[in-house]
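Residue numbers start from 1 in every chain, and the chains themselves are labelled A, B, ... in the order their sequence lines are given, proteins ahead of strands.
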Amino acid sequence: MTIADLWQPAYLIAAVLIILSIKWLNSPATARRGVQAGQIGMLCAVIGTLLRHEVVSFEWIALGLVLGAGIGAPLAYLMPMTALPQLTALSHAFGAFAAALVGTAEYYHKVPTGFPMAALVIETLLGYLTFTASIMAFGKLQELVPTRPMTYPGQNFVNLVLLGVAIVLGGWVTIGGAPVWAFPVFSGLSLLFGVLLILPIGGGDMPTVIALLNSYAGMAAAAMGFALNNKLLIIAGALNAASGFILSVIMCKAMNRSFTNVLFGAFGQVQAGAAAGKVDAKPVRSASAEDAASILAGSRKVIVVPGYGMAVAQAQHKIRELTDMLVKRGVDVQFAIHPVAGRMPGHMNVLLAEADIAYDRLHEMEEINSDFGEADVALVVGANDVVNPAARHDTASPIYGMPILDVDKAHTVMVIKRSLNPGFAGIDNELYYHDRTLMLFGDAKQFVADIVKELPKAA
Amino acid sequence: MSTEIELSIYVFLLAGFLGLELVQRVSPLLHTPLMSLTNAISAISVVGAILITGAGDATMLSKVLGVVAVTCSTINIVAGFLITDRMLKMFKKEKKEAK
């Protein structure tokens, strides 16, 4: 056995460490160990590959590794936590592009035949389409591209035909005898399909889409594993594909939508009509920061319901201050996190953790929904659709059937909101007209700061 | 079908099911770190990129494509792991105040 043969045990260790890294991520106590395991696993994979006797020249590889690390590190440290979804999308784009380029290089290097060729075609298709789709998702999240769904008549038909043509070309390339233009055209169509796939998807559906792209990136890596007959790539790719798939299913369930509906439904169009009918002025009860402070001071249990609006207003640090003050007064403060709060799965937890709110105060929907009945106050900050009771009973509502947080069961509901304008999805919220609801009109950050100021004066 | 391909398919299916089992156990609290971690792991394609770039019979085209692929997947790996760690550092448990 020579040094070059060490790549086999190195790959084995890498595979085990990668599996362990996901296993350890199941609880916050072991999660950081999980990241370390993943890092060492990846390092084993890279070193093992460099040892292989097929690899004879290193200058170009070293250049790539140094460049990549030089760009990747600042990217990870400079991005604010609210921009996590964008960063993830961008990172997917890079990974998928790499997979597609490897497929392309492999194709022109030595044309494989049979099964590896089929795998190579799948790898390239998924790689290119995930690349452009991720770039588009990045653009929509960063608001470089309009976030509203862009639709035109016959869109789904055009997309399906395009994908169909790409698949036929891919099949032709696989069987052999395809003309020279077949592979470049196939690649071009894959790239184009990625763009078209994201156009009709609205900003609100991005959590599902990012999770789905995560899954595609994994599939591309696994396909590369089949093409190169490399088990490590297959294992890591399959794990990743499974993970992305589960997360997108969770997101779909949380919005009561199906996959097809997310991808082809163009959410956001339908609502306009439904919302328009209900705009007639109904009485609402509003309250000042002073009133809010005295109610909060007199309560025993408060459940805070944060939404992405809180993060946009950068109110999370003020919320933390408020939490600390209330806890000091002996009030039980908990947080209820809806699965789609934020712009990607679990995003809200990270934003609250960044503001130093302990994770044992953060509860998922199923866990906390039964507690609203005994809560004195449900404080809704920047959330809208996820607390709309219409989802339970109004069959005409576009969000009907979506699981929601039962804030209306609390003794008093306080909603901090700029105005009565309907939210992101454009749906009116009957919660605001409830007789136990107090509307706190104003900027979330400023309003919470005012409550914090008034709280010591409250009895 | 050759046994080699058959074996690969077995590995794929087993790893896929293992992934489904493992990910279902991850608390929703950590879904964002999970995504960025798996995102870093998906850049395992760096292995393929290195093999293409460093091959003795590599053409200029495969070298150029390869080096771009190595760069891109390294960005993915480094950014993915660092951001995951940055996030996880922020998750703290309530300090039990002695009162």
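- Contact between A:Val56 and B:Ala55 at its shortest, heavy atoms only, is CG2-C, 4.0 Å.
- Contact of A:Ser27 with chain B is made through the backbone alone, with heavy-atom distances under 4.5 Å.
- No donor-acceptor pair closer than 3.5 Å links the side chain of B:His31 to the backbone N or O of A:Met344.
- If you measure heavy-atom distances from A:Leu228 to chain B, the contacts under 4.5 Å come from the side chain alone.
- Heavy-atom minimum distance, B:Ser42 versus A:Ala221: O-CB, 3.8 Å.
- For A:Leu25, the parts sitting under 4.5 Å from any heavy atom of chain B are the backbone and the side chain alike.
- The 12-atom threshold is not exceeded at OH of A:Tyr77, counting heavy atoms of other residues, nucleotides or ligands nearer than 6.0 Å.
- For a residue to count as touching a neighbouring chain, one of its non-hydrogen atoms must lie under 4.5 Å from one of that chain's; by this rule A:Ile19 touches chain B with backbone and side chain alike.
- Using modelled atom types, one side-chain atom of B:Thr32 and one backbone atom of A:Pro345 make a donor-acceptor pair closer than 3.5 Å.
- The heavy-atom pair separating A:Gly68 from B:Thr74 by the smallest distance is CA-CB, 3.8 Å.
- Inter-residue side-chain proximity for B:Leu51 and A:Thr49 is flagged as met; some heavy-atom pair is nearer than 4.5 Å.
- No side-chain heavy atom of B:Val70 sits less than 4.5 Å from a side-chain heavy atom of A:Trp60.
- Partner B:Asp85 forms a side chain to side chain donor-acceptor pair (under 3.5 Å) with one of A:Gln39, A:Arg32, A:Gln36 and no other, that one being A:Arg32.
- When side chains are defined from C-beta on, B:Ser45 does not count as touching A:Val102, because their heavy atoms never get closer than 4.5 Å.
- The two atoms that bring B:Lys92 and A:Asp356 nearest to each other are NZ-OD1, 2.7 Å, heavy atoms only.
- Contacts of A:Ile22 with chain B are made by both backbone and side-chain atoms, with heavy-atom separations under 4.5 Å.
- Taking each heavy atom of B:Cys72 and A:Phe94 in turn, the nearest pair found is CB-O, 3.4 Å.
- Contact annotation for A:Ile210: both backbone and side-chain heavy atoms come within less than 4.5 Å of a heavy atom of chain B.
- For A:Glu364, the part lying under 4.5 angstrom from a heavy atom of chain B is the side chain only.
- The environment of OH in A:Tyr108 is crowded: more than 12 heavy-atom neighbours from other residues, nucleotides or ligands sit within 6.0 Å.
- For chain B, the nearby parts of A:His92 are the backbone and the side chain; heavy atoms of each come within less than 4.5 Å.
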From CA spacing to verdict: salt bridge (Lys or Arg N to Asp or Glu O under 4.0 Å), B:Glu21, A:Lys23: CA-CA 9 Å; B:Glu21 281 299 313; A:Lys23 182 184 156 45; over 6 Å; no
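- In this structure, the portions of A:Ala69 lying under 4.5 Å from any heavy atom of chain B include both its backbone and its side chain.
- Neither the backbone nor the side chain of A:Tyr107 comes within contact range of chain B, judged by heavy atoms closer than 4.5 Å.
- For A:Met251, the CE atom is densely surrounded, since the number of other residues' heavy atoms within 6.0 Å is greater than 12.
- Only the side chain of A:Arg52 comes within contact range of chain B, with at least one heavy atom under 4.5 Å from a heavy atom of that chain.
- Minimum heavy-atom separation, A:Pro28 to B:Leu30: N-CD1, 3.6 Å.
- In this structure a side-chain-to-backbone donor-acceptor pair under 3.5 Å is present from A:Asn240 to B:Thr38.
- By the neighbour-count criterion of 12 heavy atoms within 6.0 Å, atom OH of A:Tyr359 is densely surrounded, having more than that number from other residues, nucleotides or ligands.
- For A:Leu75, the part lying near chain B is the side chain, with the backbone staying farther off; criterion is any non-hydrogen pair under 4.5 Å.
- Side-chain contact between B:Ile41 and A:Leu239 is absent, with no heavy atoms from C-beta onward closer than 4.5 Å.
- Here the side chains of B:Met35 and A:Leu84 are not in contact, with every heavy-atom distance at 4.5 Å or above.
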